[in-house]
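Below is one structure; the comments refer to it alone.
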Amino acid sequence: MKPANAFLIPEEQVFSGALSCRGCGWSLLARHLSSLLGPNTVYVLPASCFSIISGPYPLNELKASVVHTLFAAAPATATGVRAALDRQGKKDTTVCIMAGDGGTFDIGLQALSGAAARGENILYIVNDNGAYMNTGVQTSTATPYGAVTTTNPGGGYKKSWPKDLMGIIAAHHLPYAATCSLAFLEDFRAKVKRARDTEGFRLLMIDGPCPPGHKIEPGDSIHIARLAVETRLFPLYEIERQRYRLSYKPEAYLPVEECLKRQGRFRHLFQAENKPMLEDIQAHVDRYWNKLLALEEMAGGVAE
């Protein structure tokens with residue numbers, strides 16, 4: 001068992017107070033991320049929940065420099081910031097993008113791919129909460145199959161599978177990319193340190209609980225995030241230049257329904273006529289997990 005102070009932050013890099021919803025993953029993410037990156041960091045924020053949470057000028061939740069930019073432009077803006085800092089000899093300053101899945105999977109994908117292909121020295125953080133939460137819970141290509149959103153209401157639930165962002169980013173031969181969960185803080189903080197200390201374009205995809213969008217109680221956020229990992233809906237792994245390594249393997253595989261039944265956005269799946277959809281989701285999760293196991297075996301279980 002971890003001691004009670006295992007995750008105490010020696011010096012907070014966020015100010016007290018935030019404009020987040022109760023139980024929002026963004027606030028916990030920003031708190032731990034900033035504690036590791038420190039004040040010598042420039043954060044680039046496209047339109048997203050966190051661009052609101054961080055506060056309107058002159059307010060700022062983060063004890064560092066913040067640049068707000070357009071939905072599609074975060075990697076391009078960060079590229080310019082990085083070039084300007086390098087020109088001034090400030091190569092030790094971290095440039096970090098904090099974006100949502102809408103600005104990453106969808107609207108910002110082209111700029112993300114360009115920066116990754118160029119090998120820009122940027123750390124990209126994507127908080128994957130599975131929809132455009134800031135503007136009213138509209139469907140994105142990160143939205144899970146079967147989930148209800150305001151643009152897929154009632155019987156119009158999402159009928160396609162979410163985009164495999166990590167597979168896309170792996171194809172860019174990045175020096176480091178990983179998935180993280182706020183329910184596994186030791187793993188999360190270790191991966192942030194690894195990404196911080198790596199040169200080139202790095203990406204961390206975080207499973208971000210969102211009580212309003214996922215239709216859960218705020219106090220259940222971390223429990224739901226843990227269940228997502230334990231059911232393998234959100235596996236934890238690292239990729240180094242297409243070499244995969246699973247960083248957590250559940251001791252017992254829980255069925256996906258253990259996580260889904262606790263989220264209002266999936267309530268309809270538990271009606272008798274929708275049982276085949278639950279079976280499809282379980283089969284999809286099983287296939288992806290087996291794929292990760294095979295990729296890890298091909299890499300010899302060791303990322304280089």
Backbone of [Y] reached by a side-chain donor or acceptor of [X] within 3.5 Å:
| X | Y | answer |
| --- | --- | --- |
| Ser247 | Leu236 | yes |
| Arg265 | Ala147 | no |
| Asp220 | His223 | no |
| Gln13 | Gly38 | no |
| Asn60 | Ala64 | yes |
| Asn129 | Pro209 | no |
| Ser51 | Ser48 | yes |
| Lys163 | Leu165 | no |
| Ser113 | Leu109 | no |
| Arg241 | His173 | yes |

Close side-chain approach of [X] to [Y], heavy-atom, < 4.5 Å:
| X | Y | result |
| --- | --- | --- |
| Leu246 | Trp289 | yes |
| Thr149 | Gln138 | no |
| Leu33 | Cys96 | yes |
| Thr231 | Pro255 | no |
| Ile281 | Tyr145 | yes |
| Lys291 | Leu295 | yes |
| Leu45 | Thr69 | no |
| Gln282 | Arg287 | no |

Nearest 0.5 angstrom please: [X] [atom1] to [Y] [atom2], how far?
| X | Y | atom1 | atom2 | value |
| --- | --- | --- | --- | --- |
| Phe188 | Leu28 | CZ | CG | 7.5 Å |
| Leu29 | Leu182 | CG | CG | 5.5 Å |
| Leu37 | Tyr43 | CG | OH | 4.5 Å |
| Phe270 | Glu257 | CZ | CD | 5.5 Å |
| Leu112 | Ile168 | CG | CD1 | 9.0 Å |
| Met133 | Trp26 | CE | CH2 | 12.5 Å |

Taking every non-hydrogen atom, the tightest pair across [X] and [Y]:
| X | Y | value |
| --- | --- | --- |
| Ile52 | Leu19 | O-CD1, 3.4 Å |
| Cys21 | Pro212 | SG-CG, 3.9 Å |
| Thr150 | Gly136 | OG1-O, 2.7 Å |
| Ala131 | Thr143 | CA-OG1, 3.8 Å |
| Ile97 | Pro75 | CD1-CA, 3.6 Å |
| Pro144 | Gly130 | CD-O, 4.1 Å |

Verdict with supporting geometry, Leu36 and Arg189, side-chain contact (heavy atoms from CB on, under 4.5 Å)
CA-CA 8 Å; Leu36 295 168; Arg189 289 178 66 86; 3.3 Å; yes

Would Arg118 and Thr79 count as a side chain to side chain donor-acceptor pair (under 3.5 Å) if you check the C-alpha gap in whole Å, the side-chain angles of each, and the deciding distance to 0.1 Å?
CA-CA 10 Å; Arg118 294 191 304 272; Thr79 295; 3.1 Å; yes

Consider only side-chain N and O atoms of [X] and [Y], and report whether a donor and an acceptor are under 3.5 Å apart.
| X | Y | value |
| --- | --- | --- |
| Asp101 | Ser140 | yes |
| Thr93 | Arg82 | no |
| Tyr176 | Glu199 | no |
| Thr94 | Thr41 | no |
| Lys191 | Thr179 | no |
| Glu238 | Tyr244 | no |

Would you call the rings of His284 and Trp161 parallel, tilted or perpendicular, taking 30° and 60° as the class edges?
parallel

Please work out which of the three classes, parallel, tilted or perpendicular, describes the rings of His268 and Tyr157, given edges at 30° and 60°.
parallel

Surrounding NZ of Lys90 (heavy atoms of other residues, nucleotides or ligands, distance under 6.0 Å), is the total greater than 12?
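No, not enclosed.
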
Looking at Gln110, I want to see if its CD is surrounded by more than 12 non-hydrogen atoms of other residues, nucleotides or ligands under 6.0 Å.
no

Would you kindly check if the NZ (Lys) or CZ (Arg) of Arg226 is within the cone defined by 45 degrees around the ring axis of Phe184 and under 6.0 Å from the six-membered ring centre?
yes

So, is the end of the Arg202 side chain (NZ or CZ) under 6.0 Å from the ring centre of Tyr124 and within 45° of the ring's axis?
no

Same cluster for [X] and [Y] if Ile/Leu/Val/Met/Phe/Trp/Tyr side chains link at under 4.5 Å?
| X | Y | answer |
| --- | --- | --- |
| Tyr248 | Tyr237 | yes |
| Ile239 | Val229 | yes |
| Ile224 | Tyr253 | no |
| Leu278 | Val148 | yes |
| Phe201 | Leu85 | yes |

Given the rule in the side chain to side chain donor-acceptor pair (under 3.5 Å) test, do Asp207 and Ser181 qualify, once you have shown the distances and angles that lead to the verdict?
CA-CA 5 Å; Asp207 181 25; Ser181 170; 4.9 Å; no

Passes side-chain contact (heavy atoms from CB on, under 4.5 Å), Met98 versus Val44? Steps please.
CA-CA 6 Å; Met98 293 178 67; Val44 178; over 6 Å; no

Mind running side-chain contact (heavy atoms from CB on, under 4.5 Å) on Leu293 and Lys249 for me, showing each step along the way?
CA-CA 10 Å; Leu293 290 174; Lys249 296 178 181 177; 4.2 Å; yes

Begin from the C-alpha positions of Val126 and Leu204 and carry the test side-chain contact (heavy atoms from CB on, under 4.5 Å) through to its verdict.
CA-CA 6 Å; Val126 50; Leu204 298 179; over 6 Å; no

Output yes when Glu240 and Arg194 qualify as a salt bridge under the 4.0 Å nitrogen-oxygen rule, no when they do not.
yes

Stepwise salt bridge (Lys or Arg N to Asp or Glu O under 4.0 Å) check, Lys261 with Glu258
CA-CA 6 Å; Lys261 70 183 181 183; Glu258 290 301 314; 3.3 Å; yes

